[in-house]
Amino acid sequence: MELNKKNIIENKEQWTNKGYHLPQYDVDEMIAKTMENPKWIHFGAGNIFRAFQANLSQRMLEEKIDDTGIVVVEGFDYEIIEKMYRPHDNLSLLVTLKSDGKIEKNVIGSIAESCILDTTAADGEENKEFTRLKEIFSKDSLQLATFTITEKGYSLVDGKGQMLSAVKQDMENGPKAPVSYIGKVAALLYARFKAGEKNIAMVSTDNCSHNGDKLYDAMHAFAKEWTDKGLAEEGFLKYVENPELVSFPWSMIDKITPRPDASVEEILKGDGIEALEPVVTKMNTWVAPFVNAEESEYLVIEDKFPNGRPDLEKVGVIFTDKEHVDKVERMKVCTCLNPLHTTLAVYGCLLGFTKISEEMKDEDLTRLVNEIGYVEGLPVVTDPEVMNPKEFIDTVVKVRIPNPFMPDTPQRIACDTSQKLPIRFGETIKAYRDGKFAPGVSEEVTKKTVNDLKFIPLVYAGWVRYLMGIDDNGNEFELSPDPLLDEVRVYVKDLKLGEQDEEAVKDKVLPLLKNKTIFGVDLVEEKMSDLVVSYLVKELQGPGAVRNTIREALEV
């Protein structure tokens, strides 16, 4: 059993007997139709695309909602295409790991064509794949270009705010042979402009707020620079600026797709599938013929498609306006998912856990997550109306986080915590401070103030305790990467286990607790700092003190 078109046709019975769902449509016919009249092109050939967008397309094909698939483009790591997509005829294995222990195995065949985003061939001429991409972008049929290139992918500057050298080069040289990722995409959009100012939706589906604006800002920067310098035809800037011609919808996406897991690989090998070994590329991308993912998935998109769109709502995508996309994002990030993840990340590291799912077997941590989400979060949740916040958080707490087959770790989620705290918790504090309660909340709850919050301060204290790099058994552990790690660890460098002088602890950490950039608010101004320090002192008492502090807080 090898993953390629010939094998799944000739050995169809063998695959199905092993429980694999094969494409229920003529793959070659789909490819031919897509090559001739592509509707959907996607940038970013990684795991989230293979587990989510490609599967949405497959479901539309199988339900005869559409008869064309997706063209996928990789612009960062060409080896993904060269070493994984093409050797398997663009087929992929999607292994869905359900919380009840069941495993779904699907062969995804909806990817009609895979391309690399390279403009120049070895002989100096235009790369034939880029020529093909310009041809696709010139087609009347093309309705949308979607993206999963990470938030960094849209940035034109480095961490210091300096323009990236490749971007600067492209700004000066124009759209003929750009070398930066966004410059190449801008050149393709320019090709669509030159083909007759044809309509298209440019849809970021990356997991970042206001993602459509990030993509628009990048495209607009190139269009303006090229037009101002006479490197692009007059009118290209107005084309990009006209939402009736080119739209940049906002979206919210949510689905966990960890890197290919060895245990899943063993399951597939046990079925007799060959050549499953993951490849680690020169760009350090970990890619395999299979993707493992959770069953839950959410995609909400601003319904702004000037050239029409596939009927994705028939396979679960929610279409709404920009305001409601923003509300869904706030619901998830500020209340129903991200704060719970950060809580488990901080205390998971301190208590020695290596799997998020294992934490949900811990009664103390489960109760803590429920307090953060249901008791302190839901009363001030942003209600997006297109989705029920309580049902969302129910799924998170009862299905998604406890899923024992999802190999996610508190150490991974603890990355960049200093960047996450202001949104994941600070917005809730502000809502209580300003009296912004969710519709339908009881009158009794609306009387609550910032001073009634007990568990968000506990997470803050836990994070400060985490910064010491000493777990609840008194052993050192490695802190997860964070851009502010050196800056914030200064405030805990003199803290020691067994320290009981609350005033001494307060003097050391108070400047940190006043930092609005990190916490979203000044914890001293909000009269929350004393409780944070009190919790921190208790967590410093010695081995087992972190666990005892959590339990004590839960019992109050």
Side-chain angles (χ1 to χ4, degrees), residues 1-35 42 44-62 68-74 77-98 102-116 129 257-293 295 405 407:
M1 293 172 68
E2 294 180 359
L3 186 63
N4 56 56
K5 283 196 299 181
K6 183 173 182 288
N7 197 283
I8 66 169
I9 292 171
E10 293 182 354
N11 295 321
K12 179 179 179 180
E13 189 174 340
Q14 190 176 4
W15 283 85
T16 54
N17 286 344
K18 293 287 187 178
Y20 289 83
H21 177 89
L22 301 179
Q24 301 297 299
Y25 50 89
D26 188 317
V27 174
D28 287 329
E29 183 180 317
M30 177 277 297
I31 291 172
K33 287 182 177 179
T34 308
M35 296 277 284
H42 182 90
N47 289 340
I48 183 66
F49 161 72
R50 294 161 72 198
F52 203 164
Q53 287 90 344
N55 191 34
L56 290 175
S57 178
Q58 169 122 320
R59 287 159 58 194
M60 286 197 297
L61 287 162
E62 294 195 335
T68 59
I70 301 182
V71 177
V72 68
V73 185
E74 177 56 36
D77 192 340
Y78 302 156
E79 286 183 78
I80 295 175
I81 300 296
E82 295 162 349
K83 293 185 176 180
M84 200 51 62
Y85 275 75
R86 291 175 182 168
H88 298 286
D89 296 332
N90 294 325
L91 298 176
S92 181
L93 277 173
L94 171 57
V95 182
T96 303
L97 308 170
K98 298 197 169 187
K102 293 179 181 177
I103 294 176
E104 283 186 1
K105 300 173 289 190
N106 287 275
V107 174
I108 305 297
S110 60
I111 300 166
E113 189 176 1
S114 59
C115 303
I116 61 172
E129 297 203 36
T257 54
R259 81 179 193 180
D261 189 65
S263 64
V264 175
E265 183 182 342
E266 289 306 310
I267 292 171
L268 303 182
K269 282 182 179 178
D271 289 337
I273 300 180
E274 300 174 8
L276 282 169
E277 292 73 20
V279 170
V280 180
T281 69
K282 293 175 184 175
M283 305 289 285
N284 204 32
T285 304
W286 187 287
V287 63
F290 66 92
V291 178
N292 40 243
E295 60 194 291
F405 301 98

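Heavy atoms only: backbone and side chains are in, while hydrogens, waters and symmetry mates are out.
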Note to self: Can a donor-acceptor pair be found, under 3.5 Å and without considering hydrogens, that links the side chain of Gln58 to the backbone of Gly109?
What the structure shows: yes
Listing, residues 268-276 side-chain donor-acceptor contacts under 3.5 Å, not counting sequence neighbours, or none:
| residue | atom | partner | partner atom | Å |
| --- | --- | --- | --- | --- |
| Lys269 | NZ | Glu265 | OE2 | 3.1 |
| Asp271 | OD2 | Tyr20 | OH | 2.6 |
| Asp271 | OD2 | Lys105 | NZ | 2.9 |

Residues at least two apart in sequence or cross-chain that pass side-chain hydrogen bond (donor to acceptor under 3.5 Å, both in side chains) with Asp26, listed by chain then number, are none
side-chain hydrogen bond (donor to acceptor under 3.5 Å, both in side chains) filter on Lys83, not counting sequence neighbours, yields Glu79
Throw together a table of side-chain donor-acceptor distances under 3.5 angstrom for residues 86-95, partners on residues two or more places apart or in other chains.
| residue | atom | partner | partner atom | Å |
| --- | --- | --- | --- | --- |
| Arg86 | NH1 | Glu129 | OE2 | 3.2 |
| Arg86 | NH2 | Ser114 | O | 2.8 |
| Arg86 | NH2 | Glu129 | OE1 | 2.8 |
| Arg86 | NH2 | Glu129 | OE2 | 3.2 |
| His88 | ND1 | Leu3 | O | 3.0 |
| Asp89 | OD2 | Lys5 | N | 3.0 |
| Asn90 | OD1 | Ser114 | OG | 2.8 |
| Ser92 | OG | Arg50 | NE | 3.2 |
| Ser92 | OG | Arg50 | NH2 | 3.1 |

Between Thr257 and Ala293 the two heavy atoms that sit nearest each other are CG2-CB, 3.6 Å
Tyr85 side-chain N/O to Val72 backbone N/O, donor-acceptor pair under 3.5 Å: no
Sorted by chain and number, sequence neighbours left out, side-chain hydrogen bond (donor to acceptor under 3.5 Å, both in side chains) with Asp261 holds for Ser263
Sequence neighbours excluded, the answer for side-chain hydrogen bond (donor to acceptor under 3.5 Å, both in side chains) partners of Lys6 is Glu10
Between His21 (side chain) and Pro23 (backbone), is there a donor-acceptor pair under 3.5 Å? no
* Asked: Does the Thr16 side chain pair with the main chain of Glu13, one donor and one acceptor, at a distance under 3.5 Å?
  -> yes
Next on the checklist: I'd like to know if the side chain of Thr285 and the backbone of Thr281 have a donor-acceptor N/O pair within less than 3.5 Å.
Outcome noted: no
